[in-house]
Amino acid sequence: MTCPPRILVLPPRLTASARTLRATALRRGLRIVEATASAVPEGLGSPGWAGWPEGAGQAGSPGDARGTWDTRGAGSAESTGCTGSDGHAVHLHAGPSFADVVAPALGIALLEAPADWLARLPRALTQRDIRAMTIGEAYRLRRPAFVKSPNDKSIPALVYADGSRLPGPDAVDPATVVLVSDVMTFAVEYRLHLLDGAVHAAGQYAEAGRLRLGPPDGDALAFGRDVLAAAGKTLPSAIVVDVGRDDEGRWAVIEANAAWASGCYSADPDRALETVLRAAGPATALSPHDRAFVR
């Protein structure tokens with residue numbers, strides 16, 4: 001049986017990393033579907049959401065909409081098996097705002113780490129105190145702390161002098177969960193693309209707090225394997241974990257990020273793409289393990 005090409009949905013504005021993954025997907029035979037700039041603000045069914053490949057999608061999705069998509073594809077299709085009655089397997093690579101609108105309508109399951117995953121890691125893997133709490137509780141902080149959203153960028157990831165410097169209740173629901181940690185400075189940082197319990201791709205992305213791309217370090221890969229051995233079962237099958245080394249030589253987990261929303265930096269784009277496809281693919285293809293990690 002010949003299956004239709006898999007589809008990778010992309011947002012209107014692409015980062016350099018997204019352009020790399022788009023080129024990789026095209027080379028591997030996936031069909032690329034890019035929303036026009038008007039698609040997200042106006043919502044599904046607006047003039048920004050037509051041109052979807054005939055037969056793809058579900059009722060109420062872009063398959064039924066009217067408008068303009070930029071669709072690109074290659075002659076040969078990469079497939080790991082047909083999905084759904086129409087045979088198309090639809091995947092996504094985008095930021096959370098776009099993904100939250102598009103994924104449900106297309107039957108895409110978005111995998112991410114639990115909101116408190118970082119806070120539950122043993123201190124041997126984080127080298128600092130990390131707590132998950134509501135931002136309402138964080139307002140009571142009276143010391144400098146690094147504060148961030150667990151799985152998106154709704155709360156700017158910064159060192160705040162105290163809780164009074166956080167976005168106020170007029171801007172953020174006080175029940176919003178944030179991660180609050182001791183301040184730790186990293187000499188070098190690496191992104192690990194994890195797939196099926198292994199480090200599938202990796203690369204350096206920062207040095208001394210500045211963007212600096214490079215190959216993966218052997219010690220970073222070894223530390224990634226240690227993290228998987230200790231906490232791999234608490235993660236979905238496809239995820240990105242950032243790790244770093246401080247000036248004292250201590251290795252620590254920086255954070256976990258959804259692979260579908262993460263840049264590949266200097267990692268092998270083919271292997272990074274494979275992680276993305278698993279992290280945001282058909283809900284009907286979810287493994288029993290991954291069902292607990294759907295956004």
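Given the structure is predicted, the values throughout are model-derived calculations rather than measurements.
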Indicate yes or no: at least one non-hydrogen side-chain atom of [X] is less than 4.5 angstrom from one of [Y].
X: Leu277; Y: Leu30; answer: yes
X: Thr134; Y: Thr176; answer: no
X: Asp246; Y: Thr185; answer: no
X: Ser237; Y: Phe293; answer: no
X: Asp129; Y: Arg123; answer: yes
X: Arg22; Y: Leu10; answer: yes
X: Arg120; Y: Pro114; answer: yes
X: Arg143; Y: Asp162; answer: no

Verify the neighbour count for atom CZ of Arg212: are there more than 12 heavy atoms of other residues, nucleotides or ligands below 6.0 Å?
-> no
Please say whether more than 12 non-hydrogen atoms of neighbouring residues, nucleotides or ligands are located less than 6.0 Å from CZ in Arg295.
-> yes
Is it true that [X] and [Y] fall in one hydrophobic cluster, defined by side-chain heavy atoms closer than 4.5 Å?
X: Leu286; Y: Leu92; answer: no
X: Val177; Y: Ile135; answer: no
X: Val33; Y: Val102; answer: yes
X: Leu213; Y: Phe186; answer: yes
X: Val147; Y: Val183; answer: no

Below 4.0 angstrom, N of the basic side chain to O of the carboxylate: do Glu274 and Arg28 qualify?
-> yes
Decide, yes or no, whether a salt bridge links Arg191 with Asp242 under the criterion of side-chain N to carboxylate O below 4.0 Å.
-> yes
For a quick test of reading the model, state the closest non-hydrogen atom pair linking [X] to [Y] and the distance between them.
X: Ala258; Y: Ser262; value: O-OG, 2.6 Å
X: Tyr160; Y: Pro167; value: OH-CD, 4.3 Å
X: Gly263; Y: Ser17; value: CA-OG, 3.1 Å
X: Tyr139; Y: Pro169; value: OH-N, 3.2 Å
X: Thr275; Y: Ala259; value: CG2-CB, 3.8 Å
X: Trp260; Y: Ala279; value: CD1-O, 3.3 Å

Quick one: pull up [atom1] in [X] and [atom2] in [Y] and give me the separation to the nearest 0.5 Å.
X: Arg142; Y: Arg140; atom1: CZ; atom2: CZ; result: 9.5 Å
X: Arg31; Y: His91; atom1: CZ; atom2: NE2; result: 14.0 Å
X: Leu273; Y: Cys264; atom1: CG; atom2: SG; result: 9.0 Å
X: Asn151; Y: Glu255; atom1: CG; atom2: CD; result: 9.5 Å
X: Leu21; Y: Leu26; atom1: CG; atom2: CG; result: 11.0 Å

Residues joined to Tyr190 in its hydrophobic cluster, side chain to side chain under 4.5 Å directly or through other members, sorted by chain and number, are Trp117, Leu118, Leu121, Leu125, Ile130, Leu179, Val188, Leu192, Leu194, Val199, Leu221, Phe223, Val227, Leu228, Leu235, Ile239, Val241, Val243, Trp251, Val253
Any side-chain to backbone donor/acceptor pair from [X] onto [Y]? Under 3.5 Å, distance only.
X: Arg271; Y: His200; answer: yes
X: Ser266; Y: Gly214; answer: yes
X: Thr126; Y: Arg128; answer: yes

By side chain to side chain contact (heavy atoms under 4.5 Å, CB included), Ala103 pairs with (sequence neighbours left out) Ile108, Leu110
Please test Met184 against Gln127 for side-chain contact (heavy atoms from CB on, under 4.5 Å), starting from the C-alpha separation and ending with a verdict.
-> CA-CA 8 Å; Met184 184 173 181; Gln127 303 297 333; 3.8 Å; yes
Is the closest side-chain donor-acceptor distance between Ser181 and Arg131 under 3.5 Å?
-> no
Verify whether one side chain among Thr24 and Asp270 offers a donor that lies under 3.5 Å from an acceptor in the other.
-> no
Check against side-chain contact (heavy atoms from CB on, under 4.5 Å), Asp219 and Arg245 | CA-CA 9 Å; Asp219 289 339; Arg245 175 178 50 78; over 6 Å; no
